[in-house]
Amino acid sequence: MFKIVDKRTFTHEVKVFTPTDGGFSEDLLKATFNYVPTDKVASFDLSRSDDTTSFLREIVVRFSDLVDEQDQPIACTDELRERLLFVPNVRQALITHYFETVNRIAEGN
């Protein structure tokens, strides 16, 4: 049975590669996404920075399981969510993961 849901979300761990001296570190960022209809996705021009930011605001509901530099848990406030949406490698990881996930679903149908 297919369940009709007004607002569908999904939570995934997203691999984020962060540049370090001589390489990269791989971290997992737990994000909850909105599952956005294709007509809404098409309304964003992802070649434009401001549209990309608007798209990220549309698809990312929240982040969870965050820690600070001392590995102490921290809550994801609206301000922190917004700040993370402007970090280049986080932006790329979120968008890539979202489309890979949605496209994998489409391929499975």
Side-chain angles (χ1 to χ4, degrees):
M1 222 181 306
F2 185 79
K3 187 181 287 188
I4 303 299
V5 179
D6 287 335
K7 191 166 187 175
R8 188 175 300 275
T9 63
F10 59 94
T11 302
H12 281 198
E13 288 187 334
V14 177
K15 286 184 186 179
V16 179
F17 293 93
T18 303
T20 61
D21 293 338
F24 295 89
S25 67
E26 180 182 319
D27 299 303
L28 293 175
L29 177 59
K30 193 171 189 178
T32 299
F33 295 92
N34 282 316
Y35 191 67
V36 181
T38 56
D39 60 336
K40 182 106 178 187
V41 172
S43 70
F44 297 100
D45 179 354
L46 297 182
S47 68
R48 296 171 33 122
S49 180
D50 58 336
D51 264 16
T52 300
T53 301
S54 295
F55 177 69
L56 285 165
R57 287 178 180 139
E58 181 71 29
I59 66 168
V60 177
V61 177
R62 68 181 161 277
F63 299 110
S64 50
D65 297 345
L66 299 172
V67 295
D68 64 15
E69 292 178 88
Q70 290 77 37
D71 291 328
Q72 296 301 310
I74 57 174
C76 187
T77 62
D78 289 339
E79 293 80 19
L80 181 55
R81 175 183 165 272
E82 188 70 10
R83 194 170 97 205
L84 288 172
L85 295 182
F86 281 89
V87 178
N89 59 325
V90 172
R91 289 168 71 91
Q92 183 64 48
L94 290 167
I95 290 171
T96 299
H97 187 87
Y98 179 82
F99 282 118
E100 284 177 353
T101 301
V102 171
N103 288 337
R104 184 171 300 139
I105 291 168
E107 290 170 5
N109 287 327

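Computed from a predicted model, the values in this text were never measured in an experiment.
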V87 and F55: same hydrophobic cluster, using ILVMFWY side-chain contacts below 4.5 Å?
yes
When clusters are formed by joining ILVMFWY residues with side-chain heavy atoms under 4.5 Å apart, either directly or through shared neighbours, do Y35 and L56 land in the same one?
yes
Nearest non-hydrogen partners of [X] and [Y], listed with the distance:
X	Y	answer
R8	V5	NH2-CG2, 3.7 Å
Y98	V36	OH-N, 3.0 Å
C76	L66	CB-CD1, 3.7 Å
N34	V61	OD1-CG2, 3.4 Å

Value rounded to 0.5 Å, distance of [atom1] in [X] from [atom2] in [Y]:
X	Y	atom1	atom2	answer
R91	S49	CZ	OG	4.5 Å
T38	K40	OG1	NZ	12.5 Å
T53	R48	OG1	CZ	10.5 Å
D45	D50	CG	CG	8.5 Å
L46	F99	CG	CZ	5.5 Å
I74	F63	CD1	CZ	11.5 Å

Apply side chain to side chain contact (heavy atoms under 4.5 Å, CB included) to the pair V67 and Q72, showing each step before the final yes or no.
CA-CA 5 Å; V67 295; Q72 296 301 310; 6.0 Å; no
Residues 10-19, side-chain donor-acceptor partners within the protein, below 3.5 Å, at least two apart:
from, atom 1, to, atom 2, distance (Å)
T11, OG1, T32, OG1, 2.8
H12, ND1, H97, NE2, 2.9
T18, OG1, N89, ND2, 3.0

Please check if the number of heavy atoms outside R81 that lie under 6.0 Å from its CZ is greater than 12.
yes
Per the side chain to side chain contact (heavy atoms under 4.5 Å, CB included) rule, which among T9, V102, L94 passes with F33?
L94
D65 side chain vs K30 backbone, donor-acceptor pair below 3.5 Å
no
Ignoring hydrogens and angles, tell me if any N or O in the side chain of T96 forms a donor-acceptor pair with the backbone of A93 under 3.5 Å.
no
For I4, what are the other residues in its hydrophobic cluster, where any two members join if their side-chain heavy atoms are less than 4.5 angstrom apart?
F2
Sub-4.5 Å side-chain heavy-atom contact between L29 and V90:
yes
